[in-house]
Amino acid sequence: MIRNAEKNILLLNEARVQALEDLDKILSEKEALQTDLNNLEMKLAETDARIKVTAREKIHVELLENQLEKLKNEMASNRFLGEKHDLHDNEEKLNLDSVTLGAKNSPLAQELSTLHKENMLLKDDIQNLKAKLDDVKETEQRVLMLEKERSILEISLKELESKLAIAQEDVSKLSAVKSDCKALSEKVESLQGLLDQATKQAERAVTVLHHNHELQRKVDLLEASLQQANADKFSSEKALKYNELLEQKVKLLEERLQISDEEINSHIHMYQESVKEFQDIVDKLKEEIKKKSLEETMDDMPLEFWSRLLLTIDGLLLEKKISLNDASSLREMTWKKDNLIRDAYLACKGKVDNENLSSFLKLALSRPSSGLNIVHIAAEMAPIAKVGGLGDVVSGLGKALQMKGHLVEIILPKYDCMQYDRICDLKVLDVALQSYFDGQMFKNQIWVGTVEGLPVYFIEPHHPAKFFWRGQVYGEHDDFKRFSYFSHAALELLYQSGKKPNIIHCHDWHTAFVAPLYWDIYATRGFNSARICFTCHNFEYQGVTSASELASCGLDVHHLHRPDRMQDNSAHDKVNPIKGAIVYSNIVTTVSPTYAQEVRTTEGGRGLQETLNFHSKKFVGILNGIDTDAWNPSTDTFLKVQYSPDDLLGKTQNKKALRKDLNLSTSEAFRPLVGCITRLVPQKGVHLIRHAIYRTLELGGQFVLLGSSPVPHIQREFEGIANHFQSDPHVRLLLKFDEALSHTIYAATDMLIIPSLFEPCGLTQMIAMRYGSVPIVRSTGGLNDSVFDIDDDSVPSQFRNGFKFTRPDEQGLSEAMERAFNYYFRSRESWQQLVQKVMRMDFGWDASAAQYEELYEKAVARARASKNL
Ligand SMILES: Nc1ncnc2c1ncn2[C@@H]1O[C@H](COP(=O)(O)OP(=O)(O)O)[C@@H](O)[C@H]1O
């Protein structure tokens, strides 16, 4: 296997070299063609110039021809006049004229003919140039073709490179297996040594045994002689003495025999011991190998494989190629990562089409499973459709739950503006899902693919309003319609595919409709296996709208437009989707414990405090995590140099590189670089961000802001500040959304500023810490739960990781910034220790996912208990 992989790598390398050579050739050909093209373009320019001269000469010729025509006319009129005037005078004039004309005519005719000739020549030239022009066009087409070929080659080169990367991964796996093998063979070798030793001892024992036999034979002989001697005992004195001697000898020999017997026994014992030891080790090894092979079969396929398999099964079911029973058995096997289904799928070469469908189906088995089936219905998912933290949560939490053995599936709208290159194996299913909206049924195309190893369903509505063909995720005038439509279609998909999820998890107001739709419409149709979990990522956005709008997605307005259901607590003629989800869900969460407290107060609840307090038993705050694979400075490919807490040199190099890229002064390497990565909305404390820029300059630092605003006046204000600092050596404002740049800023900065007025959770402070950028934050919401002040003695020192301020004003922020700068300038060593400490803190999803898991399990258990009653 190793050799094959190595061979494959060699082949890939050769192919890569070949492709590079081809590319070089094409490039040099292209260069030659480019020079030809340049020459031809020059000739063309020359020809143009000549054509212009020719045109000018042609005009000249035309002028002369006009003159000639005039003269001829004059001659004719003279002839006419001659009829009226005196003949003599006329003859004289005529002679005179003809002389003049003769004098004028002959050089003119000559000039005319030369011009004519020239004209002809020029015409020929033009023809030639046209032909050359055609050649040039042809060459251009060839260049275009070559460029196409080049891009095809570049694509195949990229493919080869990615294959190479996979092969290299295989090699690294193989090298791990190799080292295991090495360890095993070392063990076998030592066992072999033991065995050799034992064999030698056994051989020695056998020799001793032989020797003993020899002695025994001699003893026997001596005994015979003794008997003989005894017989002759009385015959002679000599014989007596000889007898005594012999007896002594026999005694001696017997003693020796006994010793040698003991020796043999001890050798045999030792031999038996070492054989036993050998057997034990062999048994242990067998056990280890068995365990390893079991582990390998569990882990040998990436999660991606299982997700793809799952989507294949769902596709077959939706396309009605397999029965619901078969589908659920196969889904369960996939969910349990069953070897049988894996092998069958691989045997079908990773394709389950009509031909091998029946053999694949034979594998249908049903076994009970311990994990839950969790379906997230959301408007965002990182990295394909991310606007803010919600996208990160859907994929981060989904991956963590998948790792814990649950079957996690995601349903998203199929936006036109997704990052399609991050979706694997995207394909459309041969099924048209019908869903209700505005009194009619509409067709939906269902797409499937995997994102970050998670199975994802994309719903593409065939609705004339083209709901998800808007070039953006949110911010459309008809968002309420778009997302209530999607919520309904998502439930319809689950219902029609016959799935029986344990948990349906919806997020924010965009999919909050799922809760009332599920309980009022779908549960009454028998689709009631699930419990609903609703997470509100920000209570500022509630999707409040006129009550009548609710009817479009099939909900009953009269039934829901009530104070205890969906009626908005402030605008009584309106409905509030978030309130509906709080009322209708089994579990309601928000994204940090502090924020969960804040929204239950009048100041923080945005009108929902009473509803939340009423439903407080099912309401809890769980701090979000971050995706530590996606946010990892030691593997981050967006960075110039990767680094880790044990090797911070890379961080310095990233700082230098960013300063250079942004044209900031690099003269003092130690000058602190402060960053801010944010949506520029009032929630984020825009006036404090502005203040932080000026304060940083006063404190001797540099400032980089990456952010954009959906609020026009804020965007304009920051454009003004950006222009003001356009060529400043210490401040740069980048007013856009740029994922790659955000990674480089986290890596380059020494501190990150987050002066939010309120912050449900906030991810930037956790990402910043992972990249060694110390957070300066306002103590609110999730910032309060994840950042602990360096100077706060009430917190154990190992948890202190940043600088916090309470009052949301300039003075509060300035004070925290000053403390941070003082800490930075006081001692490089202690700052570095702080950087290392914050980088090592665990902000992964594991702990938070475990809390969600517990909530889900409790809700499912309650549901089971109530069914059994
Ligand atoms: N201009 C930007 N360019 C790139 N990424 C950004 C930008 N602004 C914010 N982000 C990213 O969006 C996420 C913000 O999440 P969070 O702190 O929860 O704020 P919110 O969800 O309120 O916008 C982070 O991953 C952050 O890196």
Side-chain angles (χ1 to χ4, degrees), residues 378-397 419 452 472-475 507-510 535-541 590-592 594-595 621-633 636 638-639 658 662 675-686 689 704-711 714-715 718-719 722 732-749 752-771 773 775-778 780-787 843 845 848:
E380 287 184 45
M381 180 185 189
I384 54 165
K386 168 177 158 175
V387 179
L390 164 62
D392 293 305
V393 174
V394 171
S395 32
L397 176 62
Q419 248 186 280
E452 302 274 294
Q472 62 176 358
V473 173
Y474 311 123
H507 302 262
D508 279 352
W509 77 260
H510 310 97
T535 298
C536 183
H537 298 255
N538 193 334
F539 280 92
E540 190 176 9
Y541 309 103
T590 190
V591 288
S592 72
T594 301
Y595 189 57
I622 300 176
L623 189 71
N624 285 337
I626 54 167
D627 185 341
T628 45
D629 295 330
W631 296 108
N632 184 355
D636 193 332
F638 287 121
L639 305 189
L658 184 76
L662 299 183
C676 181
I677 300 173
T678 186
R679 287 184 297 124
L680 289 166
V681 288
Q683 173 202 334
K684 305 287 177 182
V686 278
I689 294 174
V704 182
L705 172 103
L706 174 63
S708 58
S709 184
V711 187
I714 299 180
Q715 181 75 11
F718 275 79
E719 276 166 4
R732 205 60 75 239
L733 271 66
L734 306 142
L735 303 180
K736 57 179 175 178
F737 186 94
D738 189 332
E739 179 79 20
L741 192 55
S742 77
H743 285 243
T744 60
I745 294 176
Y746 286 121
T749 47
L752 199 92
I753 200 125
I754 312 156
S756 305
L757 304 184
F758 72 94
E759 191 59 77
C761 175
L763 298 176
T764 54
Q765 77 279 14
M766 300 191 224
I767 304 170
M769 283 190 260
R770 184 127 170 95
Y771 283 69
S773 185
I776 304 172
V777 307
R778 177 158 177 263
T780 175
L783 296 171
N784 189 48
D785 296 325
S786 54
V787 179
F843 290 109
W845 264 104
S848 315

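Atoms within a ligand are numbered from 1 in the order they appear, just like the ligands themselves. Note that the numbering runs from 1 along the sequence shown for the chain.
Between the side chains of Glu452 and Ser395, not a single donor N or O lies within less than 3.5 Å of an accepting N or O.
With ligand atoms numbered from 1 in the order given, ligand 1 contributes 1 (N) to contacts under 4.0 Å with heavy atoms of Gly707. Of all atoms in ligand 1, listed by their number and element, those nearer than 4.0 Å to a heavy atom of Gly388 are 21 (O). Applying the 4.0 Å criterion to heavy atoms of Thr678 picks out, from ligand 1, the atoms 8 (N). In the vicinity of Asp392, heavy-atom distances shorter than 4.0 Å reach the ligand 1 atoms 25 (O). Ligand 1 places these atoms under 4.0 Å from at least one heavy atom of Ile767: 25 (O). Those atoms of ligand 1 with a heavy atom of Tyr746 less than 4.0 angstrom away are 26 (C), 27 (O). Below 4.0 Å from some heavy atom of Ser742 lie the following atoms of ligand 1, by number and element: 4 (C), 5 (N). Here is the list of ligand 1 atoms found below 4.0 Å of a heavy atom in Lys736: 1 (N), 2 (C).
For Asp738, every heavy-atom contact with ligand 1 shorter than 4.0 Å involves the backbone, none the side chain.
Minimum heavy-atom separation, Tyr771 to His743: OH-ND1, 3.8 Å.
Put simply, the side chain of Pro775 reaches to within 4.5 Å of the side chain of Met769, judged on heavy atoms. A heavy-atom distance below 4.5 Å is not found between the side chains of Ile714 and Val681. Counting heavy atoms from C-beta outward, Asn624 and Leu763 have side chains that approach closer than 4.5 Å. Within the 4.5 Å cutoff, side-chain heavy atoms of Leu662 are placed close to those of Leu734.
Distances between N or O atoms of Leu763 and those of ligand 1 include at least one value under 3.5 Å. The shortest N or O to N or O distance between Ser708 and ligand 1 is not below 3.5 Å. Inclusion of Gly389 in the set of residues having an N or O under 3.5 Å from an N or O of ligand 1 is warranted.
Atom 2 (C) of ligand 1 has Phe737 CD1, 3.5 Å as its closest protein atom, hydrogens excluded (heavy atom only). The protein heavy atom nearest to atom 23 (O) of ligand 1 is Arg679 NE, 2.7 Å.
A side chain to side chain donor-acceptor pair (under 3.5 Å) with Gln683 is found for exactly one of Thr780, Asn538, Thr678, namely Asn538. Checked against Val787 for a side-chain contact (heavy atoms from CB on, under 4.5 Å), the options Met766, Gln765, Arg778 give a single hit: Gln765.
Phe843 has its ring centre no less than 6.0 Å from the ring centre of Trp631.
For Ser592, the side chain to side chain contact (heavy atoms under 4.5 Å, CB included) partners at least two apart in sequence or on another chain are Tyr595, Leu623, Asp785. The salt bridge (charged side-chain N to carboxylate O under 4.0 Å, His left out) test applied to Glu380 returns no partner, not counting sequence neighbours.
Within the 4.0 Å heavy-atom shell around ligand 1 one does not find Cys761. At a 4.0 Å cut-off, at least one heavy atom of Lys684 sits close enough to ligand 1 to count as contact.
Across the listed options Leu390, Ile626, Ile677, Ile677 owns the non-hydrogen atom lying nearest to atom 9 (C) of ligand 1. For atom 24 (C) of ligand 1, the nearest non-hydrogen atom from the set Lys386, Gln683, Gln765 belongs to Lys386.
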